[in-house]
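Read the structure below first, then the notes.
All values below come from the heavy atoms of this structure, side chains included, with hydrogens, waters and symmetry mates left out.
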Amino acid sequence: MTQEFVADAPGVSHQAVSKRESRASDPSTTNLTALADLFE
């Protein structure tokens with residue numbers, strides 16, 4: 001699974017996903033919900 005694939009679900013950039021992985025930023029509640037749906 002790539003950052004681009006994960007980014008497409010909530011509609012954010014793969015750079016934003018990278019920042020989350022490195023704990024440089026936190027996702028919004030809306031994006032958290034979309035990610036939860038993606039990973040079931």
Going by side chain to side chain contact (heavy atoms under 4.5 Å, CB included), name the residues that satisfy it together with [X], two or more places apart in sequence or in a different chain.
| X | answer |
| --- | --- |
| Ser25 | Lys19, Arg20 |
| Ser18 | Gln3 |
| Gln15 | Ser13 |
| Thr30 | Ser28 |

Could you pull out every donor-acceptor pair under 3.5 Å between side chains of residues 32-40 and any protein atom, sequence neighbours left out?
unit_1: Thr33; atom_1: OG1; unit_2: Thr29; atom_2: O; d: 3.0

